[in-house]
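Everything on this sheet refers to the single structure shown next.
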Amino acid sequence: MTAADTWKKVIEFMIGRGNIDALMIVSSENGALWASSDPDNFYLREYPATITQEDGSEREEVVNEANNLVLFMKGQKPAQGLRINGKKKEQITRSFKDEDSGLQVLFTKIPQGGSCVAHGGKCIIIGTFSEAKGHSSPQCNETVTLMAAYYSKSTWPNRNDGEPAGGAGPVSWQVYVDTLMVGKGNVAQAMIIDASDGKMLASTEKFELKKYEAEIAQEDGTDKVETVDEIANILKLVKGTKTGQGLRINQVKYQIIKTVTDENSQCYSVSGKKTMGGCGLVLCGKCILIATFDETKMHTAPGCQAVLSDVAKHLRETLK
């Protein structure tokens with residue numbers, strides 16, 4: 001998959017979450033377009049416009065939307081204001097630095113819509129919403145800022161022009177765990193493992209799959225000491241094969257309550273439950289997502305599953 005294909009999948013994923021009308025990703029260095037939901041019609045433009053001056057007079061100036069946007073992301077305030085896609089000046093309702101990344105975020109408003117613009121390290125993500133289409137600003141803002149937070153930490157792309165050196169593919173696994181899984185809420189711990197051999201790709205601290213001795217209930221009602229290999233069991237479970245040792249993660253046993261192909265991600269998923277908590281596993285192509293939820297922290301099973309489904313859908317498409 002080329003870098004262009006990967007960026008296209010990112011855009012499809014974000015718009016697919018709903019509440020975004022149009023989306024583009026540009027370079028934070030010069031505003032050059034890396035990807036757009038509609039490259040022929042949604043991009044940063046350069047054009048003459050009548051600009052109101054500080055003294056109230058008006059003057060014809062050349063508006064360079066890319067240059068202005070880069071300045072806004074540096075915390076400056078260009079006199080021409082924020083304009084996107086040749087439209088009228090947008091009203092900035094909030095300008096702030098993200099608490100986690102320390103990078104600039106803008107929320108804007110226009111009649112019946114608005115946008116969220118977020119600095120994502122090497123890139124800037126711009127998403128618009130349309131109230132006429134039932135979109136809402138909080139949901140648009142959440143999607144854009146979440147992905148910007150991801151890219152601000154990601155090592156992909158590893159060049160400033162949006163093209164990765166050495167191949168395409170977002171492989172910053174730890175950022176997926178920290179930002180798109182635990183950081184999204186409803187997830188207490190998370191990990192991503194390789195679907196072929198169970199190799200750990202990323203995880204929350206001290207959250208791992210182990211091998212140990214444990215008493216396992218047998219079919220005749222007796223208990224027998226067996227070697228539990230959590231990796232081997234999970235690799236079987238996500239392929240629809242039952243194990244006599246059940247589902248155990250980080251030496252915690254879960255009761256399997258549901259196995260199903262998730263409608264949103266089209267990935268096979270396993271749901272488990274324990275006292276005041278539970279877990280979810282999702283097989284998404286080359287990797288397996290594993291997450292737990294803690295009801296004492298107000299997490300919910302549906303909320304945890306929604307996070308897994310969302311990330312699984314993105315990874316299944318991106319890592320083809």
Side-chain angles (χ1 to χ4, degrees), residues 10 13-14 16-17 97-103 105 118-121 125 138-139 141-156 170-195 198-210 230-231 234 238 247-252 254 262 264-265 267 269-316 318-319:
V10 170
F13 165 67
M14 293 178 68
R17 299 184 85 223
K97 290 188 181 295
D98 180 77
E99 290 183 3
D100 190 27
S101 69
L103 297 174
V105 179
H119 199 311
I125 302 178
Q139 280 71 33
N141 297 341
E142 179 190 55
T143 297
V144 172
T145 54
L146 191 66
M147 289 304 291
Y150 166 73
Y151 281 111
S152 71
K153 298 176 183 178
S154 177
T155 57
W156 191 95
V171 290
S172 302
W173 296 113
Q174 191 60 46
V175 183
Y176 271 92
V177 166
D178 296 340
T179 303
L180 298 185
M181 296 174 74
V182 176
K184 186 69 170 59
N186 276 301
V187 171
Q189 300 167 301
M191 72 173 80
I192 303 175
I193 65 173
D194 190 291
K199 177 184 176 183
M200 182 71 73
L201 300 176
S203 75
T204 309
E205 186 177 3
K206 296 182 180 180
F207 186 53
E208 56 193 30
L209 299 177
K210 300 180 178 181
E230 294 181 344
I231 291 176
I234 284 175
V238 296
L247 173 58
R248 297 166 187 257
I249 302 170
N250 202 33
Q251 290 190 275
V252 176
Y254 296 87
D262 176 63
N264 174 54
S265 66
C267 296
S269 68
V270 178
S271 298
K273 189 74 176 71
K274 71 178 186 70
T275 303
M276 297 302 292
C279 69
L281 319 176
V282 180
L283 172 63
C284 49
K286 298 178 181 178
C287 64
I288 300 169
L289 308 180
I290 303 172
T292 67
F293 64 91
D294 184 349
E295 292 173 356
T296 67
K297 297 179 180 178
M298 306 305 291
H299 299 165
T300 66
C304 178
Q305 186 57 43
V307 171
L308 286 170
S309 175
D310 215 13
V311 176
K313 180 179 180 180
H314 175 51
L315 286 175
R316 184 177 66 85
T318 304
L319 300 179

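We're numbering straight along the sequence, starting at 1.
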Just do the side chain to side chain contact (heavy atoms under 4.5 Å, CB included) check on Leu281 and Ile234 with the steps written out, would you? CA-CA 8 Å; Leu281 319 176; Ile234 284 175; 4.2 Å; yes
In Å and rounded to the nearest 0.5 Å, what is the CD1 to SG distance from Ile192 to Cys284? 7.5 Å
Minimum heavy-atom distance Cys279-Phe293, with the two atoms named: N-CE2, 3.6 Å
Take atom NZ of Lys297 as the centre, draw a 6.0 Å sphere, and report whether it contains more than 12 heavy atoms from other residues, nucleotides or ligands. no
So, taking the atom named CG in Asn186 and the one named OG1 in Thr292, what distance separates them when rounded to the nearest 0.5 Å? 11.5 Å
I want to check something: taking the side chain as every heavy atom from C-beta on, are Lys184 and Glu142 in contact at a cut-off of under 4.5 Å? yes
Atom CG in Asp178, atom CD in Glu205: separation rounded to 0.5 Å? 10.5 Å
CA sep, side-chain torsions, deciding dist, call: Leu247, Ile249, side chain to side chain contact (heavy atoms under 4.5 Å, CB included): CA-CA 7 Å; Leu247 173 58; Ile249 302 170; 4.1 Å; yes
All side chain to side chain contact (heavy atoms under 4.5 Å, CB included) counterparts of Ser271, not counting sequence neighbours: Ile257, Lys258, Gln305
Nearest 0.5 Å please: distance from the CD1 atom of Ile288 over to the CG atom of Leu308. 12.0 Å
Check Gly198 against Ile231 and note the closest heavy-atom contact, atom names and distance. CA-CG2, 3.7 Å
Is there a donor-acceptor pair under 3.5 Å between the side chain of Gln174 and the backbone N or O of Ser203? yes
Interatomic spacing from CD1 in Ile290 to CD1 in Ile193 - rounded to 0.5 Å: 4.0 Å
About how many Å separate NZ of Lys286 and CG of Leu201, when rounded to the nearest 0.5 Å? 12.0 Å
Residues Ala312 and Val282: closest non-hydrogen pair is CB-CG1, 3.6 Å
Ignoring hydrogens and geometry beyond distance, is a side-chain donor-acceptor pair present between Asn264 and Ser309 at under 3.5 Å? yes
Heavy-atom closest pair (Ala148 atom, His119 atom, distance to 0.1 Å) is CB-O, 3.7 Å
Minimal heavy-atom distance between Glu208 and Met200, with the atoms involved, is CA-CE, 3.9 Å
List in chain and number order the residues that pass side chain to side chain contact (heavy atoms under 4.5 Å, CB included) with Val311, two or more places apart in sequence or in another chain; answer none if no residue qualifies. Tyr176, Leu180, Met181, Leu289, Leu315
Side chains of Leu283 and Cys267, heavy atoms from C-beta outward: is any pair under 4.5 Å? no
Neighbour count >12 (heavy atoms, 6.0 Å) for atom NZ, Lys210: yes
With a 4.5 Å limit on heavy-atom distance, are the side chains of Thr204 and Val187 in contact? no
Begin with the C-alpha distance, continue with both residues' side-chain angles, and end with the deciding distance and a verdict on side chain to side chain contact (heavy atoms under 4.5 Å, CB included) for Leu209 and Arg248. CA-CA 8 Å; Leu209 299 177; Arg248 297 166 187 257; over 6 Å; no
Verify, without hydrogens or angle tests, whether Asn250 (side chain) and Val252 (backbone) share a donor-acceptor contact under 3.5 angstrom. no
